[in-house]
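Shown next, in structure tokens, is the structure this report addresses.
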Amino acid sequence: MGAGENHERRGRSGLTLRQEDILNSFVEAVDRIITLKPDFCIHSGDLFDKVRPLNRIMAMAGEALHKLTAEAGIPTVIILGNHDAPKQPFMGAAIDVYRQFANLHIVSGPGMEQVRIGDCAIMALPHCLTSEILKRELQRCRPNPDCRYNVLVMHGVAAGMSEFSMADLGEQELPLEVMAPFDYVALGHYHNFRQVSPRAWYAGSTERLSQAERETAKGFAEITLEPFNVEFHEVATRTMIDAAPIMAEGKRGDELAQLLKERLASVDSSDKIVRVNIEGVTAETLKTLPAGLIAELKQRSFDLNIHFQRPKETPSGQPFGRAAIGKLEAEFGEYLATVDLAGFDKERLLRKAARLLSDEE
């Protein structure tokens, strides 16, 4: 929670409307979980999008967690993810302020902790500061033979599955063989509901956080260990769409403006997050667009991203407003040559930097 801080409109809470969206979907998930009355609940990391979230966001999240744990009496385990984990060992985690809640188990330390709930042992491994710590702690992630059920909770990217990569320099790779002995593995980091192995799943986020997630349902997973079953429960989220692209080649500014207005009217952008690509735009076309058009369209829309692209024959082929991309990539490569990259794959970092700088999802 906390993403969406750059949204232009604010709600009555003082947060942006996107921040309120994310909080509302989380609160709905909590309310739905309470009605299901599970034996326990797991959150597999990144409760917050940063190490120091806003006080208002922490307060609203805390109210929902208190309702789930202290009031409804549902034991809950939360681990740190790469976004809300402090980058220094002496810094406390934001989620530690909830430790006083009854039935809430916070795992924010430097390694794996075992949490016993009834006849189930939960091996909870939060995001680790270094790859060396992760390697050491993974060796400790073994089922407890004295318990009827064993659950593993981790945060990172399942090994060998590149589509799970979030292009995050702080992400950690989790080996599949560690997951195999457990009755269930709850994974965090990837934002979509997805199976990794016969008994390992990403539950995903409760709200869409990028256009790459626009076609996926959001919610939480309900797991039955015996007999084993996984059921996904969807929660309400803000609609996010990619409008059909507009071809601008040969169009005057006023003609392009009319096409853009019609396209946005066709998808009713007033309550949706909308992205529209305009292809083949020349500098001359942009100069002749009616003054104030973009500001007017954004004012009418909940969240609008207009993506201008040059004609295909233009050598750069990059969106307007992103100058000298090649130079930025070269400068980043030169920067990497000046820092200690022990434990990191330099070529992988360069590839991910190229993806980010070229505005790919």
Side-chain angles (χ1 to χ4, degrees), residues 1-5 19 22-23 25-26 29-30 41-54 57-58 60-62 64-65 68 76-89 91-99 104-113 115 122-131 133-135 137-138 141 151-159 161 163-175 178-179 184-194 196 200-210 212-213 216 218-221 352:
M1 284 174 284
E5 63 184 355
Q19 289 175 320
I22 294 167
L23 280 162
S25 65
F26 177 74
V30 166
C41 179
I42 290 173
H43 191 289
S44 48
D46 284 346
L47 179 65
F48 301 116
D49 75 322
K50 61 182 65 175
V51 176
R52 292 290 176 260
L54 295 175
I57 290 174
M58 290 188 63
M60 295 174 73
L65 287 174
L68 174 69
T76 299
V77 177
I78 299 179
I79 68 171
L80 281 178
N82 61 306
H83 286 294
D84 53 7
K87 304 304 183 285
Q88 301 294 333
M91 293 179 62
I95 61 174
D96 285 336
V97 301
Y98 305 134
R99 284 187 177 275
L104 180 57
H105 305 271
I106 301 291
V107 181
S108 60
M112 189 273 291
E113 295 181 22
V115 179
I122 302 169
M123 307 302 172
L125 177 60
H127 174 79
C128 298
L129 284 177
T130 67
S131 57
I133 295 175
L134 174 64
K135 183 178 180 179
E137 294 303 311
L138 285 172
C141 294
V151 171
L152 177 62
V153 187
M154 298 190 293
H155 189 93
V157 176
M161 306 181 108
E163 69 271 26
F164 287 176
S165 174
M166 302 295 290
D168 246 321
L169 301 186
E171 66 190 9
Q172 296 179 337
E173 193 169 78
L174 308 175
V178 173
M179 309 177 196
Y184 178 68
V185 181
L187 297 171
H189 183 60
Y190 184 63
H191 292 169
N192 293 335
F193 176 62
R194 180 74 68 86
V196 171
W201 295 75
Y202 286 96
S205 58
T206 54
E207 173 60 284
R208 298 182 180 93
L209 301 175
S210 76
E213 303 167 35
T216 59
K218 297 295 177 175
F220 61 93
K352 290 191 174 184

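No experiment lies behind these values; they were computed from the predicted model shown. The analysis underlying the following values was restricted to heavy atoms, covering all of them including side chains, and did not include hydrogens, waters or symmetry mates. We're numbering straight along the sequence, starting at 1.
- A heavy-atom distance below 4.5 Å is found between the side chains of Glu5 and Gln19.
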Requested in this report: Verify side-chain contact (heavy atoms from CB on, under 4.5 Å) between Leu174 and Met179, making sure each step is shown before the conclusion.
Outcome: CA-CA 9 Å; Leu174 308 175; Met179 309 177 196; 4.0 Å; yes

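- Looking at Ile95 and Ile79, their side chains never come closer than 4.5 Å, going by heavy atoms from C-beta outward.
- Judged by distance alone, with hydrogens and angles left aside, the side-chain atoms of Tyr98 form no donor-acceptor pair with the main-chain N or O of Ala61 at under 3.5 Å.
- Considering every non-hydrogen atom in both Ala124 and Val77, the closest pair reads CB-CG1, 4.2 Å.
- Tyr202 and Gly156 make their closest contact through OH-O, 2.7 Å (heavy atoms, listed as atom of the first residue, atom of the second, distance).
- The distance from the CE atom of Met60 to the CG atom of Leu23 is 4.5 Å, given to the nearest 0.5 Å.
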**Report entry** Verdict with reasoning, Glu213 to Glu207, per side-chain contact (heavy atoms from CB on, under 4.5 Å)
**Finding:** CA-CA 9 Å; Glu213 303 167 35; Glu207 173 60 284; over 6 Å; no

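- Looking at every heavy atom in both residues, Phe193 comes nearest to Ala221 through CE1-CB, 3.9 Å.
- For the residue pair Val196 and Ala158, the shortest heavy atom distance occurs at CG1-CB, 3.6 Å.
- Only one option out of Thr206, Ile57, Leu209 pairs with Ile22 in a side chain to side chain contact (heavy atoms under 4.5 Å, CB included); it is Leu209.
- Distance check: Met154 CE to Cys128 SG gives 10.5 Å after rounding to the nearest 0.5 Å.
- Side chains of His189 and Asp46: a donor-acceptor N/O pair is absent below 3.5 angstrom, by distance only.
- A search for side-chain contact (heavy atoms from CB on, under 4.5 Å) contacts involving Val97 returns Met58, not counting sequence neighbours.
- Under the ring-ring contact (aromatic ring centres under 6.0 Å, His included) criterion, Phe26 pairs with no residue, sequence neighbours left out.
- Of the inter-residue distances, the one linking Ile78 atom CD1 with Ile106 atom CD1 reads 4.5 Å to the nearest 0.5 angstrom.
- Considering every non-hydrogen atom in both Glu137 and Pro110, the closest pair reads CG-O, 4.3 Å.
- Between the side chain of Arg208 and the main chain of Thr216, a donor-acceptor pair closer than 3.5 Å is present.
- Counting all heavy atoms, side chain and backbone alike, Ser44 lies closest to Leu187 at OG-O, 3.1 Å.
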